[in-house]
> 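Right, I'll just put the structure down here and ask away after.
This is a predicted model, so every value here is computed, not measured.
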Amino acid sequence: MVTRRDIAERLGVSVSVVSRALNGTGYVETEKRESILALARELGYDPRPRALQSAAHAAHSILFHCENLHNPFNIEMFEGVTARAAEQGYRAVLTRTQPDRAALSAVDGVIFSNEALAYDFLTGEAGKSAFPIVAASFGTNLSMPRAISIVDCDLWKGTELLVDALRSSGHERIAMVTPYPITIHNTRGIAWRACMAPVLGERLMGYYFGPEDDGGWPVDVREGGSPYDGFFENGMSAAESFLDADSDATAVIAFNEEMALGFLAGLRQRGVRVPEDLSVASYDGTFMRGHYDIPLAVLDLKPLECGRVCVDALLRRMRGGRAEKVRMQPQDILMGGTVRRI
């Protein structure tokens, strides 16, 4: 069983230099790093602790960790993971709880559905080992305890594309509805503000519709509630807030498709027609976009492809490659029938 010391001795370098090269942390001369990585691949170096290696090789499995199976994006992402893993001779295993050492002993690597889950793992006891992991990223940009591979869905660029598509259809006053108060970090809301500030100026926050800091919506994320449990309900509440404000927005971007469906339901209850009276667009590109009378206009984040790309990144890491950042783009705008040209 090849160790880092074996690689160091073969190349005449220190173990610490080998560790920095394999972990993708700290400075190592480019030529030296490439030599270390090449030899690691040649020797079949396995970066996991020895106690985990034999069982994991027998299992030939990949663990996919997500907390919320109510989220259609996670479901489709796991489908992509499963399909790509099978093509490469692996099986995919799903868990909703943070993997412990017992779980790690039965798999070769772990894919996390978002950066926050990966961060929680790495700061826990099981995450202290040099276990190969990959995380999908949606703009959180957390500082990880060690280098890991990231598959970036690039919500910043995606939001720019979505706003540009709406503006190309004649919409200048574009509102945003989210399940988060303005004081809670969420990349979609921040990216929307960056796109719309030059257009709306001081009126910007009058076009942001989320729960108030003191709560008041069905699922209060400030009190530990998960927005995954109430996207639809919060979408209906957002419609009430939007209409009660008598907003002059001609288009609205919803946090995701489920929230958009709740928003559409709330509009319908109040007699507002889509897209005749108001255009509505959203994020994700899952099967949920077809659950309205007409297909939702969405930024397609390609969840199936995201899962497949995560598997490829994990396999490269498992085979001795360095931690990397893979950018998922370009994304597609699927305009559907909920946006009209004005």
> How close do T178 and N186 get, counting heavy atoms only, and between which atoms?
OG1-ND2, 4.3 Å
> Would a hydrophobic clustering, with Ile, Leu, Val, Met, Phe, Trp and Tyr connected at side-chain separations under 4.5 Å, put I294 with L278?
yes
> Starting from L162, can I reach I190 by hopping between I/L/V/M/F/W/Y residues whose side chains sit under 4.5 Å apart?
no
> Are L69 and F78 linked, directly or through intermediate hydrophobic residues, by side-chain heavy-atom contacts shorter than 4.5 Å (ILVMFWY only)?
yes
> Under 4.5 Å between any side-chain heavy atoms of K157 and R327, yes or no?
no
> Over all heavy atoms of both residues, which pair between P211 and P179 is shortest? Give the atoms and the distance, please.
CG-O, 3.4 Å
> Which residue, F209, F231, F232, Y283, forms the ring-ring contact (aromatic ring centres under 6.0 Å, His included) with F255?
F231
> Closest approach of E172 and V199, non-hydrogen atoms and distance?
O-CG1, 3.5 Å
> Can you confirm whether R5 is buried at CZ, in the sense that more than 12 heavy atoms of other residues, nucleotides or ligands lie under 6.0 Å from that atom?
no
> Decide side chain to side chain contact (heavy atoms under 4.5 Å, CB included) for F131 and V107; before the verdict, give the C-alpha distance in whole Å, the side-chain angles of both, and the deciding distance to 0.1 Å.
CA-CA 10 Å; F131 201 81; V107 298; 3.9 Å; yes
> List the steps and the verdict of side-chain hydrogen bond (donor to acceptor under 3.5 Å, both in side chains) for Y207 and D248.
CA-CA 9 Å; Y207 291 83; D248 65 353; 2.5 Å; yes
> Can you tell me how far the CD1 atom of I75 sits from the OG atom of S113, to the nearest 0.5 Å?
11.5 Å
> Just say parallel, tilted or perpendicular for the rings of F121 and F112, cut-offs at 30° and 60°.
tilted
> Do T3 and D6 get their side chains close enough for a donor-acceptor pair, meaning under 3.5 Å?
yes
> Taking M205 as the starting point, is it possible to reach V163 by hopping between hydrophobic residues whose side chains are less than 4.5 Å apart?
yes
> More than 12 heavy atoms of other residues, nucleotides or ligands under 6.0 Å from CD of E202: is that the case?
no
> Is there a side-chain contact between N71 and C66 (heavy atoms, below 4.5 Å)?
no
> Rounded to the nearest 0.5 Å, what's the gap from CG on N256 to CZ on R188? Could you check?
6.0 Å
> Compare every heavy atom of F242 with every heavy atom of A249, then report the nearest pair and how far apart it is.
CB-CE1, 3.9 Å
> Are Q331 and L301 close enough that some pair of their side-chain heavy atoms sits under 4.5 Å apart?
yes
> Apply the test side chain to side chain contact (heavy atoms under 4.5 Å, CB included) to residues S169 and M335: give CA-CA distance (whole Å), side-chain angles for both, the deciding distance (0.1 Å), then the verdict.
CA-CA 10 Å; S169 294; M335 289 307 289; 4.2 Å; yes
> Answer yes when R289 and D284 have at least one side-chain N-carboxylate O distance shorter than 4.0 Å, and no when they do not.
no
> Can you find a heavy atom in the side chain of L11 that is under 4.5 Å from one in the side chain of V18?
no
> Taking the side chain as every heavy atom from C-beta outward, state whether P275 and V339 have any atom pair closer than 4.5 Å.
no
> Could you measure the distance from the CZ atom of R4 to the CZ atom of R20? Nearest 0.5 Å is fine.
11.5 Å
> What's the separation between atom OG in S149 and atom CE in M318, rounded to the nearest 0.5 Å?
11.5 Å
> Between H70 and E258, is there a side-chain heavy-atom distance shorter than 4.5 Å?
no
> Is it true that, when you exclude E276 itself, more than 12 heavy atoms of the residues, nucleotides or ligands shown sit nearer than 6.0 Å to its CD?
yes
> Membership question, hydrophobic clusters at under 4.5 Å side-chain separation (ILVMFWY): are L304 and V326 in the same one?
no
> For the residue pair A147 and R317, what are the closest heavy atoms and their distance?
O-NH2, 3.8 Å
> Taking it one step at a time, do S137 and E115 satisfy side-chain hydrogen bond (donor to acceptor under 3.5 Å, both in side chains)?
CA-CA 6 Å; S137 171; E115 282 179 289; 2.9 Å; yes
> Please find the pair of heavy atoms, one from Y90 and one from D108, that lie closest to each other, and give the distance.
CE2-OD2, 3.5 Å
> Determine, for R273 against D293, whether the closest basic-nitrogen to carboxylate-oxygen distance falls under 4.0 angstrom.
no
> Measure the OG1-CD distance between T286 and E257 for me, rounded to the nearest 0.5 Å.
3.5 Å
> V309 vs K302, test: side chain to side chain contact (heavy atoms under 4.5 Å, CB included). Steps then yes/no.
CA-CA 10 Å; V309 172; K302 303 179 181 180; over 6 Å; no
> Do the side chains of R270 and D277 get close enough for a salt bridge, i.e. N-O under 4.0 angstrom?
no
> Has the side chain of T338 got a donor or acceptor atom that lies under 3.5 Å from a matching backbone atom of A297?
yes
> Hey, is the main chain of Y208 close enough, under 3.5 Å, to the side chain of W192 for a donor-acceptor pair?
no
> Nearest 0.5 Å, what's the CD1-CG distance between I148 and L122?
5.5 Å
> Q98 versus D100: any side-chain heavy-atom pair under 4.5 Å?
no
> Counting heavy atoms not belonging to R10, are there more than 12 under 6.0 Å from its CZ?
no
> Evaluate the side chain to side chain contact (heavy atoms under 4.5 Å, CB included) criterion for residues L261 and L296: first the C-alpha distance (whole Å), next the side-chain angles of each, then the deciding distance (0.1 Å), finally the verdict.
CA-CA 9 Å; L261 291 174; L296 276 169; 4.2 Å; yes
> Looking only at atom types and distance, does a side-chain atom of R316 sit under 3.5 Å from a main-chain N or O of R322, one as donor and one as acceptor?
no
